[in-house]
Amino acid sequence: MAETFIPRSDFLKVLSERGFIHQCSDYQGLDDKARKGELIAYIGFDCTASSLHVGSLLPIMMLRWLQKTGGKPVPLMGGGTTRVGDPSGKDESRKILTLDDIENNKNGIKQVFSHFLTFGDGKHDAIMPDNAEWLTKLNYIDFLRDVGRHFSVNRMLAMDSVKMRIDRDQELSFLEFNYMCLQSYDFVELNRRYGCILQMGGSDQWGNIVTGVDLGRRMGTEQLYALTTPLLTTASGAKMGKTAAGAVWLNADMLSVYDYWQFWRNTEDRDVGRFLKLFTELPMDEIAKLESLGGSEINEAKKILATEATAMLHGREKAEKAAETARVTFEQGQTSTDLPTITLTQAQLSQRIGVLTAFVEAGLVASTGEARRQIKGGGLRLNDEVVQDDKLLIEASHQDQNGVIKLSLGKKKHVLLTFA
RNA sequence: GGGGGAAUGUCCCGAGCGGCAAAGGGGGCGGACUGUAAAUCCGCUGGCUACGCCUUCGCAGGUUCGAGUCCUGCUUCCCCCA
């Protein structure tokens, strides 16, 4: 952010010292607004998957801080815009989702927000509109006359998201080309309906957001503002939120609390401080202490990061439990009964189960072929013993005193088998 | 409308004189080293009832003992000329 600008509002002060800010259309103007009264701000969320992943956490945290500093957060469901598809930052058009998919995705995504925001009818309570409410009612000719006339195709062509596609000779359909018009219109609509004056988002949204600010001016709203976050990558340059098993989902039914905790626990050293600021609410001086830890002591900071971040999403109790499970598993080398568990039948056990099948059932490997290869590479363990023989049969004698069998892939991934 | 290219292992990029489960990267996973980190080194990276069988190179046919590789038609994308 602008070096010369020193924010005075609580909202911008927090965001800037924690590293949330990449660009703002008018720091001073926004700061003044935030100081004067209640700031109403929105962030749009596309309904392209049935859960958000950690990549969306940054914007969600901004809404949370907004609420904590006296503003009113408006997470906007993109039920309408998702039917069009945002071309920003993508070099190929996305598959067109069916309305059913979008509706299902929306329901999945909604759940997450209640963990981070307080909803209700109060002044500072969050509200969650869906842009399908107004976008699907638009009449084409009316929209062109009232809104479309304010858009300059010349300028739209110059925008990064569009230009990139054109420069690379990649198809950009008229449908997608309209996305920014709809997003811009959302901003105006949210201003009219709720008095929302700020739109936030990732840095890839900058173009779409300022286009909305501009549209507001032309359509006679009060002054609107744009604020974006930096694109979040790990210190080694990887995109945030992708792991082997896929995305780091926020919904517990798609990624267990324990795995979520593990995701944060495995943060690179260099990222610990940055992540503590962005994804926890620990005070800055405490974070400063944690990030100054050197060598292996930084692991303590990682555990705190993991527990704090997990507590915010899944609750303190579950987070502590995940931390304890990890402690028992990694630091004492014991089998915690709270590790992810798969239940098979007693009948299956009595007929004995091939190791390969067992690891596939446990979800640790995708196929028996992969299990075979992992065995060759020494990557599979049964009750902490390296599996040598791919013909090994698992039977009752492998159960511990609690009737549990532990399967591991590598050193970090463990699944327990129980029998009912 | 005419001419010329391209589509490869369902993560991506990308080689491939008719014998190919298909070179090489990237990414990912596993191993070693560590601190559940990074860097580095090594291995693996179609499926299965597994010394065998099955399915893969845009789609559909054809030639051949044998086709990713040759021929025909189709689809999609790119380039040049109109």
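Heavy atoms only: backbone and side chains are in, while hydrogens, waters and symmetry mates are out. Just so it is clear: chains get the letters A, B, ... in the order the sequence lines come, proteins before strands, and each one is counted from 1.
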Next item on the list: Using the closest heavy atom to pick a nucleotide of RNA chain B for each, name whichever of A/G377 or A/G369 lands nearer the 5' end.
Entry: A/G377
Note to self: For B/rG1, give the paired nucleotide (Watson-Crick: N1-N3 plus N6-O4 or O6-N4; G-U: N1-O2 and O6-N3; both under 3.5 Å), or none.
What the structure shows: B/rC81
Check: Between the base of B/rA37 and the side chain of A/R270, is there any donor-acceptor pair under 3.5 Å?
Finding: no
Note to self: Once you apply a heavy-atom cut-off of 4.0 Å, does A/L380 come out as touching a base, just sugar-phosphate, or nothing?
What the structure shows: nothing
Note to self: Which label fits A/W264 and A/F279: parallel for a plane angle under 30°, tilted from 30 to 60°, or perpendicular past 60°?
What the structure shows: tilted
Checklist line | P atoms of B/rA82 and B/rC70, separation to the nearest Å | finding: 32 Å
Check: Which nucleotide in the list B/rU36, B/rC29, B/rG47 gets nearest to the side chain of A/N266?
Finding: B/rU36
Check: What is the glycosidic conformation of B/rC20: syn, defined as within 90° of 0, or anti?
Finding: syn
Check: Whole-Å distance between B/rC44 C1' and A/E370 CD?
Finding: 9 Å
Check: Choosing from B/rA37, B/rA50, B/rG30, which nucleotide comes nearest the side chain of A/R372?
Finding: B/rA50
Checklist line | Spatial distance of atom CG (A/N251) from atom OG (A/S256) [nearest 0.5 Å] | finding: 13.0 Å
Note to self: Assess, by modelled atom type and distance only, whether the side chains of A/Q348 and A/E361 contain a donor and an acceptor separated by less than 3.5 Å.
What the structure shows: no
Margin query: Taking the minimum atom-to-atom distance to the side chain of A/R373, which one of B/rU36, B/rG35, B/rC44 wins?
Written below: B/rC44
Check: What does B/rU69 pair with, Watson-Crick or G-U, if both distances are under 3.5 Å?
Finding: none
Next item on the list: Let me see the working for A/D214 and A/R217 under salt bridge (Lys or Arg N to Asp or Glu O under 4.0 Å), right down to the final yes or no.
Entry: CA-CA 5 Å; A/D214 206 51; A/R217 192 169 47 74; 2.7 Å; yes
Next item on the list: Between A/D269 and A/G379, name the one whose nearest nucleotide on RNA chain B is closer to the 5' end.
Entry: A/G379
Check: Where the side chain of A/W261 is defined as all heavy atoms beyond and including C-beta, which of B/rU36, B/rC48, B/rG30 is the nearest nucleotide?
Finding: B/rU36
Next item on the list: Please tell me which of the listed nucleotides, B/rU36, B/rG31, B/rA50, lies nearest to the side chain of A/T368?
Entry: B/rA50
Check: Do A/E331 side-chain and B/rU36 base share a donor-acceptor contact under 3.5 Å?
Finding: no
Note to self: What's the closest nucleotide to the side chain of A/E268 if the choices are B/rG47, B/rA38, B/rA32?
What the structure shows: B/rA38
Margin query: Let's see if you can work this out: which of B/rG35, B/rG46, B/rU34 has an atom nearest to the side-chain heavy atoms of A/K411?
Written below: B/rU34
Margin query: Tell me the interatomic distance from A/K376, atom NZ, to B/rG43, atom P, rounded to whole angstroms.
Written below: 14 Å
Next item on the list: Return the value, rounded to whole Å, for the distance between atom CZ of A/F275 and atom C1' of B/rA38.
Entry: 14 Å
Notebook entry, point to check: B/rA37 P sits how many Å from A/E300 CD, rounded?
Noted result: 15 Å
Check: Does B/rU40 have a Watson-Crick or wobble mate here (both distances under 3.5 Å), and if so which one?
Finding: B/rA32
Note to self: With a 4.0 Å cutoff (strictly under), does any side-chain N or O of A/K303 reach OP1 or OP2 of B/rG35?
What the structure shows: no
Notebook entry, point to check: Of the nucleotides B/rU34, B/rU36, B/rG46, which one has an atom closest to the side chain of A/R265?
Noted result: B/rU36
Item checked: A/M200 versus A/L63, closest heavy-atom pair with distance -> CE-CD2, 3.8 Å
Check: Taking NZ from A/K412 and P from B/rA32, how many angstroms apart are they, rounded to a whole number?
Finding: 13 Å
Check: Are the ring centres of A/F113 and A/F45 closer than 6.0 Å?
Finding: yes
Next item on the list: Could you tell me whether the side chain of A/S296 has a donor or acceptor atom within less than 3.5 Å of a complementary atom in the base of B/rA37?
Entry: no
Notebook entry, point to check: In whole angstroms, how far is the P atom of B/rG28 from the CZ atom of A/F263?
Noted result: 13 Å
Item checked: Whole angstrom value for the distance that separates C1' of B/rG28 from CG of A/L364 -> 16 Å
Next item on the list: Check whether NZ of the Lys or CZ of the Arg A/K68 lies under 6.0 Å from the centre of the six-membered ring of A/W65 and within 45 degrees of that ring's axis.
Entry: yes
Margin query: Under 4.0 Å, counting only non-hydrogen atoms across every strand here, what does A/G378 touch: a base, just sugar-phosphate, or nothing?
Written below: sugar-phosphate
Margin query: Give me the distance, rounded to whole Å, that separates B/rU8 from B/rG30 when you measure between the C1' atoms they each carry.
Written below: 27 Å
Margin query: Rounding to an integer number of Å, can you tell me how far A/H414 NE2 sits from B/rG30 C1'?
Written below: 14 Å
Item checked: Watson-Crick or G-U wobble partner of B/rG46, both distances under 3.5 Å -> B/rC54
Check: Is B/rA6 paired to anything, Watson-Crick or G-U wobble with both distances less than 3.5 Å, and if yes, which nucleotide?
Finding: B/rU76
